[in-house]
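Let me begin by presenting the structure, written as structure tokens, before commenting on it.
We use all heavy atoms of the structure for the numbers below, so side chains are in, but hydrogens, waters and symmetry mates are not.
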Amino acid sequence: MSLGKPCGATPRVAIDVSALPTYSFAHRSLMWWGTLGFVSIETAGFGLAIATYLYFAQKAQTWPPDSPPPDLLPGTVLTVLLLLSLIPNQLIKGWARAEDVIKTRIGLVIMCIAGILPLIVRVFEFMALNVRWDTDAYGSIVWLLLGLHTTHLVTDVIDTIVLMALMFTRHGYEGRRFSDVYDNASYWDFVVVSWLPVYFILYWFPRLVS
Amino acid sequence: MTAMDHADYPQDTNLDDAELSRRLTRLWASPKGLIGFFSTTDHKVVGRRYIVTAFVFLVLAGLNAVVMRLQLAQPDNDLVGPKLYNELFTVHGTTMMFLFAVPVMEAVAVYLVPLMVGTRNIAFPRLNAFSYWLYVAGGAMLWIAFLVGAAPDKGWFSYAPLSETQYSPGKGVDIWAQMITFTEVSALAVSVEIICTVFKQRAPGMSLDRIPIFVWAMLATSFMVLFALPAIMLASTGLILDRLVNTHFFDTLGGDALLWQHLFWFFGHPEVYLVFLPATGMVSAIIAPFARRPIFGYLAIVLSIIGNAVLSFGLWVHHMFATGLPELGASFFTASSMVIGITSGIQIFCWIATLWGGRPVFKTPLLFVLGFIVIFVIGGLSGLMIASVPLDTQVHDTYFIVAHFHYVLIGGGVFPLLGAIYYWFPKITGRMMSETIGRWHFWLAFIGMNLAFFPMHLLGLWGMPRRVYSYPADMGWGTTNLIVTIGAAIFAVSFLVFFWNALVSLRSGRLAGPNPWGAGTLEWAMSSPPPPYNFLRQPFVTSREPLWTEPGVLPVAEGLRVDRRELILSSVVDGDPIQIESSPEPSIWPFLAAIATTVFFIGSIFTPWAVVWGTPPIAVTLIGWFWPKGSKEEVD
Amino acid sequence: MISIAANHRLPVTRCRTFPMLRKSLAKSLGFALTAMLCLPLAACGGWQSALNAHGPEAERLAKLFWFFTAVCGVVWLLVILALGWALFRGTRRTSAPNDPVLVDPDQERRSAVAVWGLTAASVVVLVVFTLVSFFASRGLNAASANTLNIEVTGYQWWWQVRYLDPNPSLTFTTANEIHVPVGRPVKVRLVAADVIHSFWVPNLAGKLDLIPGQTNELTFAANRPGVYRGQCAEFCGLQHAFMGLRVIAEPEQDFGAWRARQIQPARQSDDDLVRSGERVFLNNGCILCHTIRGTTAGGRAGPDLTHIGSRSAIAADTLPNTLGYMAGWIADPQSIKPGNYMPSVPLDGGDLNALVHYLEALK
């Protein structure tokens, strides 16, 4: 018996797939679904962290219990930077789909800068929280929320930098690279959009309820 | 854009079977030797390792249980003191839940799902390899800690504030919490792979309503994992932070003890369905060939599986009925806990209907399925009892609960798993397991299990709480506990019989052909064990039971390259082929990344700075992993 | 329809297997059922049993339990019978030589009706269960005007019991043993001093947790005089297994007398041995953890010992309260309850003897 022969069943060729493309974009690609999987995981994580914040808030007599709310400036600056970064992000998605090497390279350089700038501001944000992580439950959840999002930000920025480096090598000419750039840009959309509820919770919720 | 089109490369279209087989074997076979061992990306190799490793953890956790039962066989016993006993039941529960029950189901899926959907490999095969090493590392960390006396001893659910530093000095709880991180990252990774495999890598023509029910079950399970596991990751991270850097999530200095329970059980209830749903998939997979007919009520079963998955997220508060919650809120969870009985019930009715309309074949796999029905229904019904808030206030945290969850986990998880092993062992190894030994195994397991766990219902009603290292002689629990211990011994022996069967059959079992059970799904199309490339040519599917529909003939697709690893991607709903995907070659980077991640995780139990110095090595290994090699797989 | 190729057919064992299997299945099921049915008959007795109800709450819960058990038992039996019937009918199916079996539309219709019907029946059963459960819980926890108010604080691994009263001179503290008057509702406020515990006296009521940071309240009553044992029902550490308590229900008069005695501070004794025992107590580390009202001992880390001699058990209902057991406990608490927070205080034989006589005299 030869290994691999479907014993007892004769193969009958029904279709020929040789003309199919070897890479595709968005939901047609495999990696896009993998990215969506990780987006789901992180959405669940952020959702539960925000639920934890609200759980503490509804239990407390005053909110924040013992500190002023975080200073508005650094957080708002970061939010603006992130929202602005959405513009080059949409452009790069189009350039990647068009498989334009030069524009994609430029776009990736811009996105790297667009990712590093908020990280610098994030340092100031931590310093302006007006509470330590070990002060009380409020401090703990605020630091956790901000920390979670920072991890998020850092990993995607590193991702973008590596992709940018790749784009400048000979690998930059491969079709699937453009699909990767598109996926990375879609993920950046998520990084920005997922920040908005966290921003609201950290900065505006305590101001609205007090 | 490349100069050559796909059609310009060597294809499988003009090759005969023998030549195609030779070339594909060269392409897809895992490398030999030590490097090959650590760099394989074959889902079958990784899946087998996962299954064997999970059973090793089952034996270890089972040994814990044997010692616990020996201690409890008599009142006021001093075989084991409270500290060791607490470690025993903590490690028993933790190992069974995190290192055996969920991983073994994922492992079977890792092996079978790509075969069942007619593809060549699982999606993201390097991530698959990485997840296995991470799982082993987490389990090893826990058991090494246990053997050197640093085990966690606060129960598998580690309630706060008992698990905070003040009441649990030492590293045991930190090790418990970080082991969770290992296994959860591993499970999340596997779930993403399964979802992507099922959605995108199905054989052409396999629309969603043609996928086997086991695949539906694993799809639903994987989605559940994505939404449930972040809860425990958040909780365990919060606990480690409380213990390491003095945050106040769950402690008595500003934290909330109930928050731990909410987060834990929001994960913990779906967790048990992560064990049960794959088992229902296995039952459906076994009943069809052993009733010699397609499963009855495919749509009803699929909707029930999805319903079970969704509903399982709305039950968690039933673990907290004794905490003093508002009555109306608690009653909602009674109602939701009852409703899930319907989705489980529908499946059972459909299985019975399948047997009714079929011709049962009484081989060992079917015996275990029948045993499952008998035992699981008891567990499910006792579940309805404890879904009632007032009733639960008597039996919560007693041996009644221990009885309930062992009935549903063993009856509803282990029995289908054992049946599945008997069923798919021929496919995985090429040999049949012994029917005679199989029957001995089944009856010993069935009798032992019931003798061990049924009396526990009574013990709970008679007032015996859980997690007690001993009990006074005048409680009247001694005789019943002795009976339980005897049952447990018989049940343990049944596992020895099982392993004996597996070993004996591996060496000298009857050779199985491709399809010894006469089943209808795709994993039975090729030889046993399957070749490294799974299918000579990927099948073209036109029905739910492809091997029963056009007997003797298998429609296939051709047009893939034979000079690099390729498989077909299809559309999500209809299964129309839309792209050819190149599949990753073996790589050592997943293993290296797992080592770096292990160092990071273990380091962060001891110092927060581990997060800082532990990150660069991980980044390096990940870059190595993702950096293209310029090999053929990358050039499009 | 063409039949499938030869190598897909299974060896013919079905007809011979089933009768054999049916007999052994029936035998073992019969044995199991008999065994399972016999055990509950032995169930109703036993203290600390939820099925041995001595109060209205526990009685209601026991009735609920029997109702659920009866219905669930019938359901399980029906499922098993249906399964057996299906297997029996299936093995009778020798007509079609086809393999796999052709799906017969009439059979499918019958099956569909059966599945729909059983599903509908399940819904009915579940709705009934939900409603019965909901209404059962409505009647629990009812207080009234003459409710006795107690506050129980859970410590690792003992129970502090404070009898509350609007008049502060009528409040007092004891430990591990609760006396209640028969027939009167008792409302227990549950407070946790350290970790989560759970207050559970199955003969009288369901359990309720003691959770740090919140106060829970449980109300129960005892129908008749008796001694009811309870135990902590939430894992709380090393000695969770032996964190017991005792509820003693007595007629109103006896309860009143007991209460009056408990409110008194410790009596000064005339006995020399007892007085020297008191000196031993006050001169060693005991006072760091224990209180004896009427003396200088005011420690709060351990149980109040003002009337320790009147309790029927010691060490959170782990040992009988006799001179011998008391001496053994004080001499080496760690060997009796390893890990508990009472240290061994080294005393010579004479001191120990005097000490236990003193403590037993604190009635």
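Considering only heavy atoms from C-beta on, C:Cys236 stays 4.5 Å or farther from B:Tyr159 through its side chain. Here the side chains of B:Trp462 and C:Asn52 are not in contact, with every heavy-atom distance at 4.5 Å or above. Side-chain atoms of C:Arg60 and B:Pro390, non-hydrogen and from C-beta on, never get closer than 4.5 Å to each other. Taking the side chain as every heavy atom from C-beta outward, B:Leu162 and C:Gln156 approach each other to under 4.5 Å. In this structure, the side chains of C:Phe65 and B:Leu461 come closer than 4.5 Å at one or more pairs of heavy atoms. Side-chain contact check for C:Leu61 versus B:Leu391: every heavy-atom pair is 4.5 Å or farther apart. At a threshold of 4.5 Å between non-hydrogen side-chain atoms, the residues C:Ser111 and B:Phe349 do not count as touching. Within the 4.5 Å cutoff, no side-chain heavy atoms of C:Leu238 are placed close to those of B:Tyr469.
Looking at B:Val377, both its backbone and its side chain come within 4.5 Å of chain C, counting heavy atoms on both sides. Both the backbone and the side chain of B:Asp474 come within less than 4.5 Å of a heavy atom of chain C. Heavy atoms of B:Glu87 lying under 4.5 Å from chain C are absent altogether. In this structure, chain C has no heavy atom under 4.5 Å from any part of B:Ala330. Residue contact with chain B, scored on non-hydrogen atoms closer than 4.5 Å, involves the backbone and the side chain of C:Val79 alike. Interface residue C:Thr69: backbone and side-chain heavy atoms are both found under 4.5 Å from chain B. Residue contact with chain B, scored on non-hydrogen atoms closer than 4.5 Å, involves the backbone and the side chain of C:Asp194 alike. With a threshold of 4.5 angstrom between heavy atoms, C:Glu108 approaches chain B through its backbone and through its side chain. For B:Trp477, the part lying near chain C is the side chain, with the backbone staying farther off; criterion is any non-hydrogen pair under 4.5 Å. Looking at C:Arg229, only its side chain comes within 4.5 Å of chain B, counting heavy atoms on both sides. Only the side chain of C:Asn216 comes within less than 4.5 Å of a heavy atom in chain B; its backbone stays farther off. Residue B:Ala160 touches chain C through its backbone alone, counting heavy-atom pairs closer than 4.5 Å.
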Step by step, would you call B:Glu327 with C:Arg138 a side chain to side chain contact (heavy atoms under 4.5 Å, CB included)? CA-CA 9 Å; B:Glu327 193 186 302; C:Arg138 304 243 79 204; 3.3 Å; yes
Candidate pair C:Phe235 and B:Phe89, rule ring pair (Phe, Tyr, Trp, His ring centres under 6.0 Å), full reasoning: CA-CA 12 Å; C:Phe235 180 64; B:Phe89 76 69; 5.2 Å; yes
Verify side chain to side chain contact (heavy atoms under 4.5 Å, CB included) between C:Val123 and B:Val339, making sure each step is shown before the conclusion. CA-CA 8 Å; C:Val123 171; B:Val339 167; over 6 Å; no
Do B:Met338 and C:Val125 pass the side chain to side chain contact (heavy atoms under 4.5 Å, CB included) test, and can you show the C-alpha distance, the side-chain angles, and the key distance before you say yes or no? CA-CA 10 Å; B:Met338 297 277 186; C:Val125 169; over 6 Å; no
Tell me, with the steps shown, if C:Leu126 and B:Ile342 meet side chain to side chain contact (heavy atoms under 4.5 Å, CB included). CA-CA 8 Å; C:Leu126 294 173; B:Ile342 298 175; 3.3 Å; yes
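Under the 3.5 Å distance criterion, the side-chain polar atoms of B:Gln394 are matched with a main-chain donor or acceptor of C:Pro202. Between the side chain of C:Lys207 and the backbone N or O of B:His396 there is at least one donor-acceptor pair closer than 3.5 Å. A donor-acceptor distance shorter than 3.5 angstrom exists from the side chain of C:Gln214 to the backbone of B:Thr323, with no hydrogens or angles considered.
Electrostatic pairing of C:Glu234 and B:Arg466 does not count as a salt bridge here, judged by no charged N lying under 4.0 Å from a carboxylate O.
Here the shortest heavy-atom pairing between C:Val115 and B:Ala353 reads CG2-CB, 4.1 Å. Taking every heavy atom of both residues into account, B:Ser388 and C:Leu64 meet most closely at OG-CD2, 3.7 Å. When all heavy atoms of C:Ala112 and B:Phe296 are compared, the closest pair comes out as N-CZ, 3.5 Å. Contact detail for C:Val195 and B:Pro161: the closest heavy-atom pair is CA-CG, 3.9 Å. Residues B:Ile378 and C:Trp76 approach most closely at CG1-NE1, 3.2 Å, considering heavy atoms. What you find for C:Ser133 and B:Thr334 is that their closest heavy atoms are OG-CG2, 4.1 Å.
To the nearest 0.5 angstrom, C:Leu118 atom CG is 11.0 Å from B:Ile348 atom CD1. Rounding to the nearest 0.5 Å gives a distance of 7.5 Å between CD1 of C:Ile80 and CD1 of B:Ile373. Note that the CG atom of C:Leu83 and the CD1 atom of B:Ile352 stand 5.0 Å from one another [nearest 0.5 Å].
Note on B:Gly380, B:Ser470, B:Gly476, B:Ala257: by heavy-atom pairs under 4.5 Å with chain C, the leading option is B:Ser470. Comparing B:Met475, B:Glu545, B:Lys154 by how many heavy-atom pairs each has under 4.5 Å with chain C, the most go to B:Met475. Interface check for chain B: of the options C:Ser122, C:Ala205, C:Ala114, C:Gly213, the most heavy-atom pairs under 4.5 Å are formed by C:Ala205. Ranked by heavy-atom pairs under 4.5 Å with chain C, the first of B:Leu258, B:Asp392, B:Asp78 is B:Leu258. Contact tally against chain C (heavy-atom pairs below 4.5 Å) for B:Thr398, B:Leu381, B:Leu384: the top residue is B:Leu381.
In B:Leu328, the CG atom is not crowded: 12 or fewer heavy atoms of neighbouring residues, nucleotides or ligands sit closer than 6.0 Å.
Listed by chain and number, the residues in a ring-ring contact (aromatic ring centres under 6.0 Å, His included) with C:Tyr341 are C:Trp157 (sequence neighbours excluded).
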